[in-house]
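Just so you know, these numbers use all the heavy atoms, side chains as well, and skip hydrogens, waters and symmetry mates. Fair warning: this is a prediction, and the values are worked out from it, not measured in the lab.
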Amino acid sequence: MPAESLRWDTLEALKNSPKGRLKYNPDWLEKGEDILSGCNEAPSLSPLSGLILKRLNMSPRTLQKTCSLGSAFRDPSPGLSEEAPVSSTSPFHSANAQPTPLSSPLLVPRLKTDKEQIVGDEDSAPDASDNLSPVTNPIPPPTISLLSPRATQMEGCIRICEEKHRAKAKMELSLRQELQEKLVASVASRESEQLKRFEELMELKQRQEYQSMSDMMDRETQESIGRQEKLKEEHKNRIKILNLRLREAEQQRLREVEFERQRQVEGRERLRALNAIQEEILQLNQLLEPVAPTQSGPSPDLTSYSTRANQLCSQVSEVVRTTAEGEFPSVEDMTVAERALHEMRSLIRVMQEAAAQAQEKRKKEQEEEEERRKMAMLQAQQEEQKKSAALSAKEKARKKGLQTKAEQSTLKWYQELQDSANQCAQSFEGLNNTKDIQTKKLRMELQKAATIPVSQISSISGSKLREIFDKIDNLLSGRSVVSGGKSVSTSQHPNGLDFVSYKLAEKFVKQGEEEVASHHEAAFPIAVVASGVWELHPKVGDLILAHLHKKCPYAVPHYPPMKDGTSVEEYQKILGYRVEDGGVEAQDSFLKRMSGMIRLYAAIIQLRWPYGSKQGPDPHGLNNGWRWLAQMLNMEPLADVTATLLFDFLEVCGNALMKQYQVQFWKLILLIQEEYLLRIEAVTSQGQAGSVTRLKQFLESSLRSRQIPPPKGQLSSHFWRS
């Protein structure tokens, strides 16, 4: 059949039409919808056939103008494709047929696609009849080719199917919108419920936090109340303890007062007993005098007893001297004194027995002893004459140009210093001899404040030495210082400054006499403090020199001659010897003290206080050391004394003099070795050769090395940083 032969062409045309390019939902089959259900039905007239017929009844003129067989029409509206043209060879037309109304193109309304229909429904939702009305559409419908009834039916079925699907899509869309609205409402209600639960939870937490804060504040309140109660109890307990301690302290004070009173009573009793013991020992010592002169030559045993008696007297005198400053003797002191008294009594008894036995024995041997003595005296006189002749010859040859006393200017300077010291001592004589108790206490406090710091001088640290110097300087400057827990000042008495200056200078020299004599290294810390005090307070320096010259005249140097009417003991005191009840001190002790004072003097002249101004001249510098050494070499040497003092002075001050005077100093050392040492050896006996040997070895070593080593104990820069 011709129509059947054109099926494929029709289908191809439908496929190429805008409707054929529509996309259909792939879920139709799953949802049970049959796309071809309309196509399988019996063919029927399309509901739009009426509209087509109305178009066909239009005037022939219009149809002739608008219809052209086989012409194609393109939809001017945007988004629509061209429709497929109907071929002139279509089976519905004959080759020589005239144009008929059915074969001419018809004006049909423009049909919307499924997508355009859905969008239009969503925007304005017009009715389907409005879309198909030719009256309301101002745009003229496009011209289409006249189709066959079958094609028209197919077109109508397709459009019906599209309408059905459009309606179904609208229904599904509305269902989906309702479902979405329900879902949104359910989600909103659920979120609202959750928000309410969250707000309730937050309110619960706030209530719980408030409750916990309230509980915590209650607990802290209770704890603070408890702590306050504990503090009150502790305060009460402390008050009780303090009251107990106050009572105990008061009781302790009363006990100490009672103990001090008992100690004073016992001390006075011990002092009276000590004075009685000293008086008895001195009386027993006087008993030795009648025994000794009875022998023309005392035996060694009796001499040893006398020496031991003198030692016991010195021992008791030392104990008494310690109590002379207002202190009471201790039990140990009394034990020492009683032991000395007991030993003295035994010594007197044994000595008297030995003297009696010696007297009886000498009566029998007197004639033989006298003969032997005469012979010995004769031989001794002969030997002495020979020695004296030889010595006199040597001395006459070597003593040319040497002096036996100091120069006149030196003696004048020495005498001025002694007069100044005597005037200072006379100025505070009223303070020494006062009977007022308060003045006596002030004198004791001033003496302690002046002497105790000097006793504390040591080479432990520079900071400690500076504290001692500041304390001495404050005392001499009239400022208050603390001594023994009490504040004292020289301004408390008109003569307080003279008294302190005199005692301070005396203590410096005593430290050289005792401390430096025993420990040579102690000379430097004592000397540097003395030099600093001398620089700030020149009067104290003059008093130091006066005391030094009085106790050691060789520091001038000066050999005092023995004047007429002066006893031997007095002259020995002038020479520097200690003369006590027991007699003159031994030569070794004398040389040891002189050595200590010369070492202190040699250290003073080369040191300056490091914290002073150092702008002015040195108050007593190295030039005085050169003067002393030159004057010593211009005077006749003394046996044992000159050699000892020269060695001590050069050992302490030689390095400083070497650096200062250089070549001139070495000339002086060479003079001592070549000439002056021979003079010293000439006056030195064999028992006194130790000091000469030390000096000789020192000179030889120095000249050999051309160097004098620094003295031991010299203060370094590291010491002042300690």
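- At distances below 3.5 Å, not a single donor-acceptor pair connects side-chain atoms of Ser701 with backbone N or O atoms of Gln697.
- By the 6.0 Å contact criterion, CG on Leu254 is enclosed, its count of non-hydrogen atoms from other residues, nucleotides or ligands being greater than 12.
- In this structure, the side chains of Trp609 and Trp534 stay at 4.5 Å or more apart for every pair of heavy atoms.
- Around NZ of Lys471, the count of heavy atoms belonging to other residues, nucleotides or ligands within 6.0 Å exceeds 12.
- Here the rule is ring pair (Phe, Tyr, Trp, His ring centres under 6.0 Å) with His547, and of Phe508, Tyr502, Tyr601 only Tyr502 fits it.
- Two residues are said to be in side-chain contact when any heavy atoms from C-beta on lie closer than 4.5 Å; Val454 and Ile472 meet this criterion.
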Trace of the side chain to side chain contact (heavy atoms under 4.5 Å, CB included) decision for Leu465 with Ile457: CA-CA 6 Å; Leu465 205 62; Ile457 294 175; 3.6 Å; yes
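- At distances below 3.5 Å, at least one donor-acceptor pair connects side-chain atoms of Ser518 with backbone N or O atoms of Glu514.
- Note: Leu678 CG to Gln673 CD = 9.5 Å, rounded to the nearest 0.5 Å.
- The distance from the CG atom of Leu536 to the CG atom of Leu476 is 9.0 Å, given to the nearest 0.5 Å.
- Considering only residues two or more places apart in sequence or on other chains, Ala449 meets the side chain to side chain contact (heavy atoms under 4.5 Å, CB included) condition with Leu475, Val481, Ser483, Val488.
- Judged by distance alone, with hydrogens and angles left aside, the side-chain atoms of Glu513 form no donor-acceptor pair with the main-chain N or O of Gly596 at under 3.5 Å.
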Chi angles and distances behind the side chain to side chain contact (heavy atoms under 4.5 Å, CB included) call for Asn432, Phe428: CA-CA 7 Å; Asn432 273 337; Phe428 60 82; 3.2 Å; yes
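- The structure places CG of Leu497 at 10.5 Å from CG of Leu504, a figure rounded to the nearest 0.5 Å.
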Using side chain to side chain contact (heavy atoms under 4.5 Å, CB included), reason through Glu256 and Gln252 one step at a time and then give a plain yes or no. CA-CA 6 Å; Glu256 289 178 356; Gln252 180 68 21; 3.5 Å; yes
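- Side-chain contact of Gln415 with Asp419: a donor-acceptor pair under 3.5 Å is present, judged by distance alone.
- A salt bridge links Arg599 to Glu651: at least one charged side-chain nitrogen sits closer than 4.0 Å to a carboxylate oxygen.
- When all heavy atoms of His558 and Tyr414 are compared, the pair lying nearest together is CD2-CE2, 4.1 Å.
- With respect to the salt-bridge test (charged N to carboxylate O, under 4.0 angstrom), the residues Arg253 and Glu250 qualify.
- Under 3.5 Å, the side chains of Asp648 and Ser595 contain a donor-acceptor pair of N or O atoms.
- Of the possible polar contacts, none joining the Gln660 side chain to the Phe665 backbone as a donor-acceptor pair under 3.5 Å is found.
- Atom CZ of residue Phe524 and atom OG of residue Ser531 lie 13.0 Å apart, to the nearest 0.5 angstrom.
- Atom CD of Glu569 is surrounded by 12 or fewer heavy atoms from other residues, nucleotides or ligands within 6.0 Å.
- At least one side-chain heavy atom of Leu622 sits less than 4.5 Å from a side-chain heavy atom of Cys653.
- Put simply, OG1 on Thr335 and CZ on Arg270 are 9.5 Å apart, with the number rounded to the nearest 0.5 Å.
- Ile708 and Asn655 make their closest contact through O-ND2, 2.7 Å (heavy atoms, listed as atom of the first residue, atom of the second, distance).
- Side-chain atoms of Leu442 and His493, non-hydrogen and from C-beta on, do get closer than 4.5 Å to each other.
- The side-chain heavy atoms of Gln492 and Glu445, taken from C-beta on, include no pair separated by under 4.5 Å.
- In this structure, Arg593 contributes its side chain and Gly576 its backbone to a donor-acceptor pair below 3.5 Å.
- A side-chain donor-acceptor contact under 3.5 Å links Ser489 to the backbone of Ser491.
- Remark: the Ser459 side chain and the Glu521 side chain contain no N/O donor-acceptor pair separated by less than 3.5 Å.
- Classified by interplanar angle (parallel below 30°, tilted 30° to 60°, perpendicular above 60°), the ring pair His620/Trp413 is parallel.
- Residues Leu575 and Tyr559 fail the side-chain proximity criterion, which asks for heavy atoms closer than 4.5 Å.
- Looking only at atom types and distance, the side chain of Thr434 has no donor-acceptor partner in the side chain of Lys440 under 3.5 Å away.
- Between Glu258 and Arg261 there is a salt bridge, with a side-chain nitrogen of the basic residue lying less than 4.0 Å from a carboxylate oxygen of the acidic one.
- Remark: the Ser427 side chain and the Asp498 side chain contain an N/O donor-acceptor pair separated by less than 3.5 Å.
- Among Ile598, Asp640, Leu650, the one residue that satisfies the side-chain contact (heavy atoms from CB on, under 4.5 Å) test with Leu645 is Ile598.
- Taken to the nearest 0.5 Å, the CG atom of Leu545 stands 12.5 Å off from the CD atom of Glu416.
- When all heavy atoms are compared, the tightest approach of Gln714 to Gln606 is NE2-OE1, 4.3 Å.
- Proximity of a side-chain donor or acceptor of Asp473 to a complementary backbone N or O of Phe469 within less than 3.5 Å is not detected.
- Side chain of Trp666 to main chain of Met658: no donor-acceptor pair is present (N/O by atom type, distance under 3.5 Å, no hydrogens or angles).
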Please test Leu677 against Lys696 for side chain to side chain contact (heavy atoms under 4.5 Å, CB included), starting from the C-alpha separation and ending with a verdict. CA-CA 8 Å; Leu677 189 61; Lys696 187 175 182 180; 3.7 Å; yes
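- Around the CD1 atom of Ile452, the shell of radius 6.0 Å holds more than 12 heavy atoms that belong to other residues, nucleotides or ligands.
- In this structure, His537 contributes its side chain and Lys539 its backbone to no donor-acceptor pair below 3.5 Å.
- Checked by atom type and distance alone, the side chain of Gln572 never pairs as donor or acceptor with a backbone atom of Tyr577 at under 3.5 Å.
- Two residues are said to be in side-chain contact when any heavy atoms from C-beta on lie closer than 4.5 Å; Leu646 and Tyr676 meet this criterion.
- Side-chain contact between Lys712 and His520: absent, with no pair of heavy atoms (C-beta onward) separated by less than 4.5 Å.
- Under 4.0 Å is where a charged nitrogen must lie from a carboxylate oxygen, and between Arg263 and Glu266 no such pair does.
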